[in-house]
Number of protein chains: 2
Amino acid sequence: MRAVPPPLSPGAAILAATVARRFYIDGSTKSEIADGMGLSRFKVARLLEQSVREGIVKFEIATPDSFNSELSEIVRKRFGLRRVVVIDVPDEERTPAGIRQAVGRGAAAVLSDLVSETDVLGIGWGRTLSAMSLELTEIARCLVVQMGGMVGSVAENSLELVRKISEVGGGQAYPLFVPLVVQDALTARSLAGQPGVAAAMKLFDSITVAAVAVGSWDPPDSQMMASLPVEEREALVGKGVAAEVLATLIKHDGTVLPDLQDRAMATGIDVLRGIPELVLIAGGESKAEAVHAVINAGLGTTLVTDNSLAELLRTM
Amino acid sequence: MRAVPPPLSPGAAILAATVARRFYIDGSTKSEIADGMGLSRFKVARLLEQSVREGIVKFEIATPDSFNSELSEIVRKRFGLRRVVVIDVPDEERTPAGIRQAVGRGAAAVLSDLVSETDVLGIGWGRTLSAMSLELTEIARCLVVQMGGMVGSVAENSLELVRKISEVGGGQAYPLFVPLVVQDALTARSLAGQPGVAAAMKLFDSITVAAVAVGSWDPPDSQMMASLPVEEREALVGKGVAAEVLATLIKHDGTVLPDLQDRAMATGIDVLRGIPELVLIAGGESKAEAVHAVINAGLGTTLVTDNSLAELLRTM
DNA sequence: CGAGTGCCCGCTCATTTGAGCGGCCTGTTT
DNA sequence: AAACAGGCCGCTCAAATGAGCGGGCACTCG
């Protein structure tokens, strides 16, 4: 990729520039240009190809805010996702909280124009999602369903999140007043039978758009992991857990660990896989491995992240 | 035309930027993008239109040297010409000689890639054409025909021009060893019968590409005008002559004055009109009126000029 | 509440464009 | 001089695209 490939004769360059201007700036069709200039339309097409190739025309995409469209597209292609939004976080803001805020803002933007009134919006939990909810200023008046029980601090758990988001849009909220992980399968089934809980869980299969965070187990960067009993946590780490999405645990190679499944009050792997638009939200280098694992598990149609994570991901 | 039209929602802007990147930079088709992103191809098309309209994508045409593609296109459209090449001349070079050199270089570039071996190249005369011949480094090996007899200084008359140009390309030259304007029609006819002269003039109808300068009579900027007897010159000026192309005189309104026709050893108006590619070459503010008149007369398919003349012309 | 209005969407159909092919011309090698 | 390679051109045919249309939907005003 040289900066100035072949010099190109001055006359040819003038011709190419003229054609390029007429096509890209004036919006004439190639046939029009061809007729007007006494060339064949094939010649015009070849001149345009050449202009692009030789850098006579340059396309400049004014990326709003800190959206990094180039890196986004690289990562998108690399993993075949439907959409990737990489937010550039300047070095001076590169703290865990700063990253969460930036990614949260990006996620809010994506979500607010992804969701329409007929959607059923599923919401996970996590600090980045909390940041998102603070940045969310508008969202369609749709059903908002909590996809997993409570974990983490009071201000940041799913319940609060669902409340905030449904408040912004004015749609109905379906909260889950239960813990994310309970003691045993029996308790789980029993809780699932409760009226309010059942109402939310019945909607799981109808979720059309979901926003979930990705938690990392290795390196540890997950509130859910931190809330499990030490011995259980260690046992799971021993099995090679890399990431979590809601209560679904995923190993480095992308396989799903069934361990918590029966005891989790959350959308399981099958439900997640069936969601038409699953937005993964995670930023920071520490979560790169986790995101990689989740994508390898075939989860996620859209990824919202920051440039540090994206840079790691692109080469994975 | 505001710089930043409507703010556009952040999510929509991200979407638009993503689509624009994929289309313009990656070269995907709209259908591919639509499929990949779960949109209709119409939606993608509208996003792209919007991106262009709102300035999310910008096209930058790297115009070689001092070619002003924007002004060129404006003038081209204004007069419906096939091609216009405006050369930007920086203020510090804006002397008559500086303009001639710049325009000459532009004309050389245009000509050398306009002309192919099968063409018959007609050459007028004038100081700008002389400048062109000095800048000409390559041209197809084609027949080079002198379109008008001699006038002006020895170094700059048609004869010398034709010699130089045919020398560069190696094609055969058809010079005209006669004055441009003779005393009377009888002399003209007699000269036209001479072997060498007849050979060149027989080719007039075969000329496929011609490069001619435009001379101005009002204000006076023409070597041919200067070479006529004072009383004749004044009589013609009195008739409203504005411009000359070879020995064809044209009034401000674009009508052709037949006065010199019978006595001129040069391509007449009918021949000029029949030339498939007639390149008009002229620079400098003083020639703006003249060029305007010539174009109004329906002469010229291509114009090579400088920015000062073009700026005047665009509003005429 | 209902008609009117503006907007967004995706359809159809005609036009524009791209991919690939073979012909022709040029310059070079045998 | 013949044969060949490479490059450029414009063709055909299929795919991509644009123009314009009407349906549906939200919002507004009577």
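Letters go in sequence order (proteins before strands), and every chain restarts at 1. Computed from a prediction, not measured in an experiment: that's the story for all the values here.
- The pair Glu32(A)-Arg22(A) does not count as a salt bridge, with every side-chain nitrogen at least 4.0 angstrom from each carboxylate oxygen.
- Rounded to whole angstrom, the span from the OH atom of Tyr24(B) across to the C1' atom of dT17(D) amounts to 12 Å.
- Comment: Glu73(A) engages Arg76(A) in a salt bridge, judged by a side-chain N to carboxylate O separation of less than 4.0 angstrom.
- Between Arg41(B) and Arg41(A), the residue anchored nearer the 5' end of DNA chain C, judged by the nucleotide with its closest heavy atom, is Arg41(B).
- Residues Phe23(A) and Arg46(A) each lie close to DNA chain C; by heavy-atom proximity, the contact nearer the 5' end of the strand is made by Phe23(A).
- For the OP1/OP2 pair of dT15(C) and a distance below 4.0 Å, the side-chain nitrogens and oxygens of Lys30(A) include no atom meeting the criterion.
- Taking the side chain of Phe42(B) as heavy atoms from C-beta on, and the options dA16(D), dG10(D), dC11(C), the nearest nucleotide is dC11(C).
- Tested against Ile33(B), the residues Thr18(B), Asp26(B), Val44(B), Leu39(B) include a single side-chain contact (heavy atoms from CB on, under 4.5 Å) partner, Val44(B).
- The side chain of Thr29(B) places no N or O atom within less than 4.0 Å of a non-bridging phosphate oxygen (OP1 or OP2) of dG18(C).
- The distance from atom CG of Asp35(A) to atom P of dT15(C) is 14 Å, rounded to the nearest whole Å.
- The distance from atom CD of Glu32(A) to atom C1' of dT17(D) is 14 Å, rounded to the nearest whole Å.
- Looking at the side chain of Lys43(B), the nearest of the listed nucleotides dC9(C), dG10(D), dT17(D) is dC9(C).
- In this structure, Ser40(B) does not reach the dC9(C) phosphate: none of its side-chain N or O atoms is under 4.0 Å from OP1 or OP2.
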As a quick check of understanding, evaluate side-chain contact (heavy atoms from CB on, under 4.5 Å) for Tyr24(A) and Val57(B), giving each step before the final call. CA-CA 11 Å; Tyr24(A) 287 110; Val57(B) 273; over 6 Å; no

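- Rounded to a whole Å, the CG atom of Leu39(B) is 13 Å from the P atom of dC11(C).
- Glu49(B) has its CD atom 16 Å from the P atom of dC7(C), to the nearest Å.
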